[in-house]
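A short write-up of the structure that comes next.
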Amino acid sequence: MTNEGVPTDEHPAPGTRRPGGRTARTRAAVRDAVLSGLSDHGYPGLTIEYVAEHSGVHKTTLYRRWGGLEGLVADALDLAGEDTWTPPDTGSLEGDLHALAHEVVDAFADESKAAAPTAFIAASFQSPRAADALRAFYTERFSRCEAVVARAVERGEADRDTDAAALVRAVSAPLMLRLFVTREPVDAALADQSAAVVLAAARAGAFARR
């Protein structure tokens, strides 16, 4: 057994350092190649050779710095979580919940936009490391969404003991169930229904911390 691919001080684990310059450009090129490969072939069809060809980074470097496909997918998700996305701020809890629900529908309504996130989710069922990275990605996303509830509390639209994490997860839960479990279509009407149900539950105290 060798130490090739094992994170060291010289080659840290993906996501533990935020390099700039050439290293950042290389990482971005590799990320783009991973996204392209996932979109075109899914996780089972993604290969080191594909990533090397489409990123311009030699296979040896990919193995040395990322350890293999699992590391590449995990780092691509880590980079995706570094974006500047913020939850909607419509001025009301009702408006914010509707906007969040519609963002989920819009993200998966376009096949070209949905290909990569769908592949990431599929990868999480086949790779423990991809599953960990996906969980971290959504944990960060939901953490940002807690601002929606904080603003609602300030406006008197929600109780201070509201479990913000549970509330924002509930908005997307029925949509994701249809998308990835029952494989049913989702649309704007379903987004509105999901938001309305969560709003009613919040007003009834269903998301109070126990």
Side-chain angles (χ1 to χ4, degrees), residues 13-18 27-28 31-32 34-35 38-39 43 70-154 157-158 162-181 186-188 190-199 201-202 206-207 209:
T16 59
R17 187 171 67 185
R18 299 293 181 260
R27 189 177 178 214
R31 184 272 314 274
D32 290 344
V34 170
L35 290 176
L38 287 174
S39 297
Y43 184 72
E70 285 193 311
L72 288 166
V73 171
D75 195 42
L77 270 169
D78 188 51
L79 270 175
E82 294 175 17
D83 65 8
T84 58
W85 180 86
T86 56
D89 184 1
T90 66
S92 71
L93 178 60
E94 180 177 10
D96 290 350
L97 296 180
H98 278 271
L100 282 171
H102 278 271
E103 283 195 17
V104 174
V105 171
D106 292 344
F108 291 98
D110 185 329
E111 290 186 5
S112 62
K113 291 193 299 183
T118 298
F120 274 128
I121 292 171
S124 72
F125 286 92
Q126 303 172 66
S127 161
R129 192 167 177 184
D132 289 342
L134 186 70
R135 188 179 304 111
F137 173 83
Y138 276 110
T139 296
E140 169 63 19
R141 273 292 192 271
F142 288 128
S143 177
R144 297 185 200 184
C145 288
E146 291 180 12
V148 168
V149 179
R151 292 192 298 261
V153 170
E154 292 176 359
E157 297 176 305
T162 297
D163 186 334
L167 189 152
V168 297
R169 279 173 167 79
V171 177
S172 60
L175 303 174
M176 300 299 268
L177 171 71
R178 289 193 177 220
L179 285 165
F180 297 106
V181 179
V186 296
D187 55 22
L190 187 64
D192 288 334
Q193 181 187 73
S194 178
V197 168
V198 172
L199 180 65
F207 296 105
R209 292 188 179 86

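Worth knowing before you read on, the calculation uses all heavy atoms, side chains too, and leaves out hydrogens, waters and symmetry mates.
Considering all non-hydrogen atoms of both residues, Phe120 and Leu38 come closest at CE2-CD1, 3.5 Å. Counting all heavy atoms, side chain and backbone alike, Leu167 lies closest to Ala202 at CD1-CB, 3.7 Å. The minimum heavy-atom distance between Leu179 and Phe108, with the atom names listed, is CD1-CD1, 3.6 Å. Heavy-atom minimum distance, Cys145 versus Val168: O-CG1, 3.6 Å. Among all heavy-atom pairs drawn from Ala133 and Ala74, the shortest one is CB-CA, 3.7 Å. Closest approach of Glu103 to Pro88, counting heavy atoms only: OE2-CD, 3.9 Å.
When the side chain to side chain donor-acceptor pair (under 3.5 Å) test is applied to Ser143, no partner is found at least two apart in sequence or on another chain. Residues that satisfy the side chain to side chain donor-acceptor pair (under 3.5 Å) test with Glu94, not counting sequence neighbours, are absent from this structure. The side-chain contact (heavy atoms from CB on, under 4.5 Å) check on Ala165 picks up Glu146, Asp163, Arg169, with sequence neighbours excluded. The side chain to side chain donor-acceptor pair (under 3.5 Å) search around Ser127 returns Glu70, not counting sequence neighbours.
Between Arg27 and Asp75 there is a salt bridge, since a side-chain N of the basic residue sits under 4.0 Å from a carboxylate O of the acidic one.
The stretch residues 134-144 participates, sequence neighbours left out, in these salt bridge (charged side-chain N to carboxylate O under 4.0 Å, His left out) pairs: Asp83-Arg141, Asp83-Arg144, Asp132-Arg135, Glu140-Arg144. The stretch residues 81-104 participates, sequence neighbours left out, in no ring pair (Phe, Tyr, Trp, His ring centres under 6.0 Å) pair at all.
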Can Ile121 and Tyr138 be said to form a side chain to side chain contact (heavy atoms under 4.5 Å, CB included), step by step? CA-CA 11 Å; Ile121 292 171; Tyr138 276 110; 4.3 Å; yes
Would Leu190 and Val105 count as a side chain to side chain contact (heavy atoms under 4.5 Å, CB included) here? Give the steps. CA-CA 9 Å; Leu190 187 64; Val105 171; 5.8 Å; no
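Around atom CZ of Phe180, more than 12 heavy atoms belonging to other residues, nucleotides or ligands sit under 6.0 Å away.
Atoms CZ and OG, from Arg178 and Ser194 in turn, are 10.0 Å apart once rounded to the nearest 0.5 Å. Here Ser92 contributes atom OG and Leu199 contributes atom CG; the two are 8.5 Å apart, rounded to the nearest 0.5 Å.
For Phe137 and Phe142, the distance between ring centers is not under 6.0 angstrom.
Distance alone, capped at 3.5 Å, is enough to place a donor-acceptor pair between the Arg209 side chain and the Thr162 backbone.
With Asp96 as the fixed residue, the side-chain contact (heavy atoms from CB on, under 4.5 Å) test singles out one of Val149, Thr90, Val171: Thr90. Among the candidates Asp187, Leu100, Val104, the single residue satisfying the side-chain contact (heavy atoms from CB on, under 4.5 Å) test with Leu175 is Val104.
The side-chain heavy atoms of Leu134 and Leu77, taken from C-beta on, include a pair separated by under 4.5 Å.
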